[in-house]
Amino acid sequence: MLGYRFPSKVFLFLTSFLCCWCWSKTLHSQEKPIERQLVDQLHSKSNKLATDLIYLQTSKDIYETEEDLWFKGYVLNAKKLNPSLLNKILYIQLINDTTNQPVWEEKYEIVNGFVDGHIYLDHSLKEGTYTIYAYSVNSVNGISNDFQAMRKIKILKNISNNSFDKIKRNDSIQFNVFPEGGYLVSGIAGYVAFKATDSRGFPVKVSGTVYENDQQLLDFKSEYAGMGRFKMTPDIKNKYYIKLSETSEHVDLYLPKIMRSGKTLQLLSNTNEVLQFKVSKSDTSKEKVYLRVQMNGTVFMIVHAKLTSEIIIKIPLDDLPRGIAEITLFDKNIKPLAERLVFVNQDQKLNIHASLDKSLYQTREKAILKIKTTDQHNKPVVGHLGLSVYDMLYENDQGSKTIESHYLLSSKLKGKLYNPTYYFDSINKDRKRDLDLLLSTQGWRRYLWTETNLEAQLDSKKKQLFINDNIGGRIVSKRRRKKHSITPKTHAVMTFSGNNEDEKEFVFTDSLGRFDITPRHLRISDDSYLYVKALNDPEREFKLSIGDYRFNNINKWRTAIKKHYPIFENFVPPQKKTKAFNLKSDVNQLSEVNIIGKVRKPFRDKYLSTLNDLIAGRGSYTDYVCDYNILNCANHVTGRPPVVGEVLKERQRGFLVNIVYAKRKYSESELLEKFNLVMIKGFYGKREFYQPKHDENIDIKDPFPDTRNTLLWKPDVITNENGEAVIEFFCSDLNTIFVGNIEGVGDRGLIGSKRFKFVVKNLE
C-alpha cells in the first residue's frame, strides 16, 4: 500500500507542474500516472467553479419596528474559508416572507472580505418573519443552484407580541435507506443507514424489522432525528424487506438492489489523528485500487493498494482542514466504485474564550469582557470577530444559524437540514455519531463537491452573470442615428458626489463611447448619489445611456431559484415573562402625544434640491418676461428674467390670464434631463452603534431612562498576535438576562463561535 499526500501549500505547484509535464514534447507519448489523472480530473472542474460563500451575523434574532438591524457579512472563499478579495459589492435585500416582496434594497462595500452593515426598520413594517438575502457576483455563480446566503429574523411592533409558533406535524412517514459506500454486495457485511421524515421534512422517530425470506432478520430503531443504521450481510438469492412499527398499514419497504459482485467501502474509525477504512471485494483475485481523499474540490491524498479479499487503509488527518471529506474508491480504470462522506477534524476550530469580570451587574454598570482566540492546540490565533450583547427576550427560541453550521454543513449539502447547529454544540455528547449519520443519509449523493455535481454544473448553461460590480454606460447622440454611428469627440465623462462636488473624477471611454462605473466611484458617494455627466462635444449634443438594473435582475433570479433554510425545532421553551419597564420616581413621564402635519416628500439628494433652487430662484433658464409683462411671450424671443412673487400675464388656452410667478418644483427626472446628468445610488453609508457611558466619576447622572435591549454591537473585533482583545460596555436599566454572541474567522480557515450569559439587576 502506497500513499500520495498533497498538502495545500504545495498543491498548486504540483498541479501546474503536471500540466507542463503532460504537454512536454519529450514525454508527449507517455500517459499520466493514474494518481495524477485522479487529481487533474477533479481540479479541472472545481477550479472553474471557484466561488464565494456568504454568511450573515445579526445583532439579535427579534427586532421591533423603528429599531436598527445591525449585521456583519462574511464573504469567504468556498474552498479555503478565508476572506475573499474577489468582489467589492454586497447586495442586501430584506424580504417580507408573507408577500415575498423586498422592503429594503441597498449596496454595501465589501472590505477585505467583510461587511459592516445596518438596516433601519421603518415603523410601517408589518409584524412577521422576514429574510435578509445577500448576494455578490462570485456567490451567485458557483457550484450550487440552491441559495443559502440568507438569515431569517422576526419583526414585531412590541416584544410583548412575541409568541412561540408550535410546529405542526403530520402522520406521514417517508422512509429511505442508504447502503454505506453506495451499494449492497452479496456476501459482504455492511451498514445500511436510514432516515425517516414527514412530508415537511421534520424527523420522525421510528423502529422496525428487517425480514429475510419472510423471516425476522433483525430489529432496528432510530437514534437521532429519525436517523439510524443497522448491519447485515445480504445474499442475492434471498428476498429482503422492511416493516415499520409506526405505520398502521404494514407496507413493505424493499432494500436497494443487491450486487452479485463488487467492492465495498466501510468506515471503521474516525479519530483526531486518523481515518480507518476497510475495503472488501466479493472475490479473491488480486486487483489494484485507489482511494482518493478530497475536500471542497481539492485533493489532499491518494492511496493505492493491492486488494485481494479485504484490506485496512489508514489515512492521517494532520494535513486536512476541518469539514466534510469525500473518500472515493476507484479501480485501475479510474472508475468510481464506492464513496463515503466523513466529517474530519471536528476539534480543529477557532476556539473563542470569553470571560466577564462579573456574572451579575448593577444597572448602568461598566462590564469588561476579555476575549482570547486559539486553535485546537491552544496556540494564539488572530481572529476577525463579530460581537453582540442583547436581551435574551430577543433571542429566537426555535434556533438560528451559526457560522460553523453554515460554512461547514449547510453550504456543503443539498436540501434543508434539520437543526444543523446541534452538531457543533459541545453540550450534545453524541453529536459526532449523529453527524456521521447525517452524512450517511442526507449527504448520500448530495455533496456539492463531487465530480458528478461539478460536471453537471459545468455542462449546465444556467449560470449567467446577471449582476456585476461595475455599471456599464455609453455616451450616445441625442439625434437619431441614420447610416453611421455617431460618437463624441470628447471621450470622457465626469463623476462627482452629491455630498461633495469637489470630489470630481474623469472616466474615459472607448472608441464607441462606452465606460464603466466601478465600486471606487460608488465609494466617494457613500450614503449619497453618484452623478455622471457627459462632457460637452463642440459639434454635437450627446447624452448618457446608463442604468443600474441589478436589483431588478436579482429579484427575477431570486423568485426562480431554490432556497434552502435550515429547519429549526427545539423543545417548547420556558415562558419568558416580559416585564414593563418602570421609570424612576424622579423622571417626568409624558402622556401620549399626537403629532399632526403634512408630509412633503423631499428630494432624495440635497444636490438635486440645490439645482432646483438654482433654476427656480429666477424661474428657469428658459423663462423670460417681454416688455408687455407677458411670461414666455410667443411674439418676443427674449426678455428679462421673471421674479418670484410678481404678477405676470401668461397665455393659457388662447387667453391672457394674470398669474403670480412661483418657485417651481422640478421632478428628479426633469432636473437630470435639464442638466444632462445620470444619478446612481452609492454604497449605503456606515452608521456608528451608539454606546452611552454611565461614568461613575460624573456627579450628575443622566436622568433619562436607558432602555437599550442591545448593549453592544461590535463587528470589527480583531484579536492581537496573542489572540487577545478587551472590550468595555455599559449595562442599561433593564433587569434581565443578557446573551453574548461571538462569531468569527481566524488564520488557515479556522471558524468558531461562542455564547455567554450574564444578569443585570437593580441592586439599590
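On a predicted model such as this, the values are computed, not experimentally measured, just so you know.
Summarising the geometry of E223 relative to L437, their closest heavy-atom pair is OE1-CD1, 3.8 Å, with the distance given to 0.1 Å. S410 approaches L417 most closely through the heavy-atom pair CA-CD1, 3.6 Å. In terms of heavy-atom proximity, S282 sits nearest to S186 at CB-O, 4.5 Å. Of all heavy-atom pairs spanning D347 and K432, the tightest one is OD2-NZ, 3.5 Å. Closest non-hydrogen pair, L409 versus L435, comes out as CD1-CD1, 3.8 Å. The two residues I302 and V39 have their closest heavy-atom pair at CD1-CG2, 3.5 Å.
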If you apply the rule side chain to side chain contact (heavy atoms under 4.5 Å, CB included), what do you find for Q57 with N741, and how did you get there?
CA-CA 10 Å; Q57 176 187 3; N741 182 39; 4.0 Å; yes
Please evaluate residues I95 and M150 with respect to the criterion side chain to side chain contact (heavy atoms under 4.5 Å, CB included), reporting the C-alpha separation (whole Å), side-chain torsions for both, the decisive distance (0.1 Å), and the verdict.
CA-CA 10 Å; I95 305 294; M150 51 189 176; over 6 Å; no
V279 and I313: CA distance, side-chain angles, deciding distance, side chain to side chain contact (heavy atoms under 4.5 Å, CB included) verdict
CA-CA 8 Å; V279 180; I313 298 178; 4.0 Å; yes
Determine whether Y423 and F343 satisfy the following criterion, ring-ring contact (aromatic ring centres under 6.0 Å, His included), listing intermediate values before the conclusion.
CA-CA 11 Å; Y423 305 102; F343 198 99; 9.1 Å; no
Please assess F194 against V206 for the test side chain to side chain contact (heavy atoms under 4.5 Å, CB included), listing each intermediate value before the final yes or no.
CA-CA 10 Å; F194 62 86; V206 295; 4.0 Å; yes
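Side-chain contact between L439 and K412: absent, with no pair of heavy atoms (C-beta onward) separated by less than 4.5 Å. Side-chain contact between L265 and E339 is absent, with no heavy atoms from C-beta onward closer than 4.5 Å. For the pair P256 and F178, the minimum side-chain heavy-atom distance is 4.5 Å or more. A 4.5 Å side-chain heavy-atom check between Y224 and R431 finds every atom pair outside the cut-off. In this structure, the side chains of S207 and D219 stay at 4.5 Å or more apart for every pair of heavy atoms. Contact of the K281 side chain with the I311 side chain is not registered, since no non-hydrogen atoms from C-beta on lie closer than 4.5 Å. Within the 4.5 Å cutoff, no side-chain heavy atoms of P321 are placed close to those of R748. Residues E287 and K263 have side chains in contact (heavy-atom distance under 4.5 Å, counting atoms from C-beta outward).
Distance alone, capped at 3.5 Å, places no donor-acceptor pair between the R260 side chain and the I236 backbone. Side-chain atoms of D375 do not come within 3.5 Å of backbone N or O of V381 as any donor-acceptor pair. A donor-acceptor pair under 3.5 Å is formed between the side chain of K563 and the backbone N or O of R558. A donor-acceptor pair is defined here as one N or O able to donate and one able to accept, closer than 3.5 Å; such a pair exists between the side chain of D425 and the backbone of I427. Not one N or O on the side chain of D319 forms a donor-acceptor pair closer than 3.5 Å with the backbone of F300. Checked by atom type and distance alone, the side chain of E180 pairs as donor or acceptor with a backbone atom of L267 at under 3.5 Å. No donor-acceptor pair closer than 3.5 Å links the side chain of H564 to the backbone N or O of L413. Listed for the Y407 side chain is no donor-acceptor partner under 3.5 Å among the backbone atoms of L81. Using modelled atom types, one side-chain atom of Q294 and one backbone atom of G297 make a donor-acceptor pair closer than 3.5 Å. A donor-acceptor pair under 3.5 Å links the side-chain atoms of S172 to the main chain of S199, judged by distance alone.
Using modelled atom types and a 3.5 Å distance limit, the side chains of Y422 and D434 yield a donor-acceptor pair. Between the side chains of N238 and N213, at least one donor N or O sits under 3.5 Å from an acceptor N or O. Defined by atom type and a distance below 3.5 Å, a donor-acceptor pair is missing between the side-chain atoms of N138 and T51. D52 and S84 share a donor-acceptor pair across their side chains, judged by distance under 3.5 Å alone.
Interatomic distance, CD of E310 versus OG1 of T284, reported as 12.0 Å (0.5 Å rounding). K80 contributes atom NZ, which lies 11.5 Å from atom CG of N296 (distance to the nearest 0.5 angstrom). The CG atom of N396 sits 8.5 Å away from the OG1 atom of T129 when rounded to the nearest 0.5 Å. For the atom pair CG of L184 and CG of L255, the computed distance is 6.5 Å after rounding to the nearest 0.5 Å. For the atom pair CE of M259 and CG of L337, the computed distance is 10.0 Å after rounding to the nearest 0.5 Å. Taken from CD in Q346 to OG1 in T271, the straight-line distance is 13.0 Å, to the nearest 0.5 Å.
Relative orientation of the Y135 and Y133 rings is parallel, given thresholds of 30° and 60° on the angle between their planes.
When the options Q148, E404, E743 are evaluated for a side-chain hydrogen bond (donor to acceptor under 3.5 Å, both in side chains) with Y55, the one that passes is E743. Screening Y241, F220, Y240 for a ring-ring contact (aromatic ring centres under 6.0 Å, His included) with Y211, the sole residue that qualifies is Y241.
Within a 6.0 Å radius of CZ in F175, other residues, nucleotides and ligands contribute more than 12 heavy atoms.
Every salt bridge (Lys or Arg N to Asp or Glu O under 4.0 Å) that D436 has, sequence neighbours left out, goes to R229, R340.
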